[in-house]
Amino acid sequence: MQYFALFALFAVAAAAPTYDSNSVETTKDDRVYPSAAGEYNLDFETSDGTSIQESGYGSGPDGAVESQGSVRFQLPNGETFDLTYVADAAGAYQPESSFLPVAPAFPHPIPQFVLDQIA
């Protein structure tokens, strides 16, 4: 019986939740849910510095919602990742960030006769 009681105590101790010093808490969570016109807003932050802001309004053709926002978080190497974006009614998503790849420069000049044919 003593072993059973000791085992039960050990099982309860092992099952108890432990505090994680790396846990992340939500520090801000403000939301405005979509209205009839499609207007909405999101402002979200956590204790580790992660943040998301986004807003939109049904200002596009046929009430299509156009949005803009930003995302920020800490990378494992300590750098801060920042991204801003706009999404318009035409379906164009336009992100901007120093972390996005950039196409290399064209390796040589385009001859004028080729440019004339394109135009």
Side-chain angles (χ1 to χ4, degrees):
M1 181 68 173
Q2 289 175 344
Y3 291 113
F4 179 73
L6 185 59
F7 178 73
L9 181 62
F10 179 73
V12 169
T18 58
Y19 175 73
D20 182 9
S21 62
N22 294 325
S23 66
V24 177
E25 303 292 325
T26 300
T27 57
K28 186 176 190 179
D29 189 358
D30 295 333
R31 300 172 192 227
V32 175
Y33 291 97
S35 66
E39 181 178 11
Y40 71 95
N41 191 21
L42 167 66
D43 194 0
F44 182 82
E45 293 179 10
T46 61
S47 60
D48 68 349
T50 300
S51 67
I52 301 171
Q53 288 86 30
E54 184 174 333
S55 61
Y57 188 76
S59 56
D62 297 323
V65 175
E66 299 181 311
S67 302
Q68 60 276 338
S70 65
V71 175
R72 169 181 251 180
F73 59 89
Q74 194 86 15
L75 295 169
N77 65 3
E79 291 183 88
T80 301
F81 177 88
D82 285 309
L83 173 80
T84 58
Y85 58 89
V86 174
D88 64 19
Y93 175 70
Q94 303 153 12
E96 292 182 11
S97 174
S98 61
F99 287 90
L100 295 176
V102 177
F106 201 70
H108 55 80
I110 300 174
Q112 186 59 45
F113 75 90
V114 173
L115 294 174
D116 293 341
Q117 290 177 356
I118 295 172

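What you are looking at is a predicted structure, and each value in this text was computed from that prediction instead of being measured.
- The CZ atom of Phe73 sits 11.0 Å away from atom CD of Glu79, with the distance rounded to the nearest 0.5 Å.
- Remark: the backbone N or O of Ser70 is not paired with any side-chain donor or acceptor of Thr84 at under 3.5 angstrom.
- The environment of CD in Glu96 is sparse: at most 12 heavy-atom neighbours from other residues, nucleotides or ligands sit within 6.0 Å.
- The cluster map of Ile, Leu, Val, Met, Phe, Trp and Tyr, joined by side-chain heavy atoms under 4.5 Å apart, puts Leu75 and Val71 in the same cluster.
- Looking at every heavy atom in both residues, Lys28 comes nearest to Asp30 through CE-OD2, 3.3 Å.
- A distance of 9.0 Å separates CG of Asn41 from CD of Gln53, quoted to the nearest 0.5 Å.
- The two residues Ser47 and Ser23 have their closest heavy-atom pair at OG-O, 4.3 Å.
- The CD atom of Glu25 sits 9.5 Å away from atom OG1 of Thr46, with the distance rounded to the nearest 0.5 Å.
- Residues Tyr93 and Ile52 fall into different hydrophobic clusters, defined by Ile, Leu, Val, Met, Phe, Trp and Tyr side chains chained together at heavy-atom separations under 4.5 Å.
- Here the CZ-CG distance, from Arg31 to Asp43, works out to 10.5 Å after rounding to the nearest 0.5 Å.
- Checked by atom type and distance alone, the side chain of Thr27 pairs as donor or acceptor with a backbone atom of Glu45 at under 3.5 Å.
- Applying the side-chain contact (heavy atoms from CB on, under 4.5 Å) rule to Asp88 yields the partners Glu66, Ala90, Ala92, Gln94; only residues at least two apart in sequence or on another chain are considered.
- Remark: Phe44 CZ to Glu54 CD distance equals 13.5 Å, nearest 0.5 Å.
- With hydrophobic clusters built from ILVMFWY side chains whose heavy atoms lie under 4.5 angstrom apart, Val102 does not share a cluster with Leu83.
- Heavy atoms only, all atoms of each residue included: Val65 and Tyr40 are closest at CG1-CE2, 3.7 Å.
- Under the 3.5 Å distance criterion, with hydrogens and angles disregarded, a donor-acceptor pair is assigned to the side chains of Ser55 and Gln68.
- To the nearest 0.5 Å, atom CG of residue Leu42 and atom CG of residue Asp29 are 7.0 Å apart.
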